[in-house]
Amino acid sequence: FILVIINFFANLALFYIQKRRMNKVLVFYWLAVAIVFFIQAQFQKGAFNIALAYSITAIPVALLSHLAFSSIGESFNWKQFAISMLTALAATFALYNLEASFTWTALPLSIAIGYPYFKFAYISLYKSTNATKLQKLLGTLLFFKAVHAINFALFRMEPGAQLWGWVIAYALYDITG
């Protein structure tokens, strides 16, 4: 959490030095990551609470996706993402009420959170003919972030997975940020 706060203040300083839109979005990105880590730390008991707390990850996902898509001249579809998140939340509630396992209950959220990253990875690595090496590297990193999003539903409730999940999540946040 301290490393996230350091990144927030470092990006805030960069924004004051150079008032670029990208720097402003990165300030909000790191603030959102701090909020995600704080909220998720509060909900460590109860599979349903853990799954719902994970949904807050949508905020930094949307901000990073916005930057990523902008970097290749594409626009991030905020409305489509919001609809997919609301649909995933509804599915999560329905699956919880049907007493589905944690994996099935959390999977709609994991897919909705990972989808923009998978989409950017596909566009930057395969579809775009003029993506730079840096954009392709970002696409590769976001592919791994998407896989990590899916892993939340598959492995979060395994003993010991939480610690590794948080470490990997921070490393991916830091590298992509």
Side-chain angles (χ1 to χ4, degrees), residues 3-4 7-8 11 21-40 50-92 102-156 158 161-162 164-177:
L3 293 172
V4 172
N7 274 301
F8 167 73
N11 280 278
R21 186 181 63 84
M22 179 180 75
N23 292 348
K24 183 179 180 179
V25 174
L26 284 171
V27 166
F28 286 111
Y29 168 76
W30 281 109
L31 180 60
V33 171
I35 291 168
V36 164
F37 274 41
F38 179 77
I39 289 175
Q40 288 181 354
I50 292 169
L52 286 182
Y54 182 68
S55 68
I56 196 81
T57 304
I59 297 168
V61 167
L63 292 168
L64 185 58
S65 296
H66 170 71
L67 283 177
F69 280 93
S70 295
S71 78
I72 58 172
E74 300 271 337
S75 61
F76 175 66
N77 192 329
W78 291 88
K79 184 178 177 181
Q80 180 185 36
F81 184 64
I83 290 169
S84 71
M85 283 303 300
L86 290 172
T87 303
L89 280 167
T92 297
F102 175 81
T103 297
W104 287 107
T105 301
L107 198 56
L109 289 170
S110 294
I111 292 169
I113 287 170
Y115 177 74
Y117 291 156
F118 278 130
K119 185 175 180 181
F120 179 80
Y122 170 73
I123 292 170
S124 66
L125 296 172
Y126 299 108
K127 189 176 175 189
S128 179
T129 56
N130 58 350
T132 66
K133 288 180 183 178
L134 187 58
Q135 290 162 335
K136 289 182 181 201
L137 174 62
L138 181 58
T140 302
L141 290 170
L142 292 185
F143 174 82
F144 286 112
K145 280 185 75 74
V147 170
H148 185 66
I150 303 299
N151 283 342
F152 172 80
L154 301 177
F155 299 112
R156 169 57 179 86
E158 295 292 322
Q162 176 186 3
W164 287 107
W166 283 63
V167 170
I168 292 169
Y170 173 74
L172 289 170
Y173 278 125
D174 199 39
I175 293 168
T176 54

Q.
For L109 and T57: C-alpha separation, side-chain torsions, deciding distance, then whether side chain to side chain contact (heavy atoms under 4.5 Å, CB included) applies.
A. CA-CA 10 Å; L109 289 170; T57 304; over 6 Å; no
Interatomic spacing from [atom1] in [X] to [atom2] in [Y] - rounded to 0.5 Å:
X: I56; Y: M85; atom1: CD1; atom2: CE; answer: 9.0 Å
X: K119; Y: F81; atom1: NZ; atom2: CZ; answer: 12.0 Å
X: L125; Y: L137; atom1: CG; atom2: CG; answer: 9.5 Å
X: I50; Y: S55; atom1: CD1; atom2: OG; answer: 13.0 Å
X: I39; Y: I35; atom1: CD1; atom2: CD1; answer: 6.5 Å
X: F152; Y: I111; atom1: CZ; atom2: CD1; answer: 13.0 Å

Applying side chain to side chain contact (heavy atoms under 4.5 Å, CB included), can you list everything that pairs with [X], at least two apart in sequence or on another chain?
X: F144; result: T140, L172
X: A91; result: P108
X: F143; result: F118, A121, V147
X: A34; result: F1, V4, I5

Report all side-chain donor-acceptor pairs from residues 61-74 shorter than 3.5 Å, counting only partners two or more places apart or in another chain.
from : atom 1 : to  : atom 2 : distance (Å)
S65  : OG     : V61 : O      : 2.8
H66  : NE2    : R21 : NH1    : 2.8
S70  : OG     : H66 : O      : 2.8
S71  : OG     : A68 : O      : 2.6

Q: Start with the C-alpha gap between F120 and I123, add the side-chain angles, then the distance that decides, and say whether side chain to side chain contact (heavy atoms under 4.5 Å, CB included) holds.
A: CA-CA 5 Å; F120 179 80; I123 292 170; 5.5 Å; no
**Q.** Over all atoms of both residues, closest heavy-atom pair of A146 and G114
**A.**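 Taking A146 first and G114 second, the nearest heavy atoms are CB-O, 3.5 Å.
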Q.
Minimum heavy-atom separation for I113 and A149, please, with both atom names.
A. CG2-CB, 4.1 Å
Q.
Any non-hydrogen side-chain atom of P60 less than 4.5 Å from a side-chain atom of F28?
A. no
Q.
Are the side chains of W30 and V33 in contact, using a 4.5 Å heavy-atom criterion?
A.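 In short, these two side chains touch, coming nearer than 4.5 Å.
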Q: With sequence neighbours left out, write down each residue that passes side chain to side chain donor-acceptor pair (under 3.5 Å) with S124, or none if nothing qualifies.
A: none
(Q) Using side chain to side chain contact (heavy atoms under 4.5 Å, CB included), reason through N130 and Q135 one step at a time and then give a plain yes or no. (A) CA-CA 10 Å; N130 58 350; Q135 290 162 335; over 6 Å; no
Q) Between the main-chain N or O of T105 and the side-chain N or O of T92, is there a donor-acceptor pair closer than 3.5 Å? A) yes
**Q.** By ring pair (Phe, Tyr, Trp, His ring centres under 6.0 Å) - contacts of F8 (at least two apart)
**A.**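 In terms of ring pair (Phe, Tyr, Trp, His ring centres under 6.0 Å), with neighbours along the sequence ignored, F8 is linked to no residue.
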Q: Determine whether the aromatic ring centres of Y122 and Y117 lie less than 6.0 Å apart.
A: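 Ring-ring flag for Y122/Y117: false, centres at least 6.0 Å apart.
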Q. Under the side chain to side chain donor-acceptor pair (under 3.5 Å) rule, what pairs show up with a residue in residues 78-87, not counting sequence neighbours?
A.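 Non-adjacent pairs meeting side chain to side chain donor-acceptor pair (under 3.5 Å): zero.
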Q: Taking atom CZ of F76 as the centre, report whether more than 12 heavy atoms of other residues, nucleotides or ligands fall under 6.0 Å from it.
A: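 Yes, enclosed.
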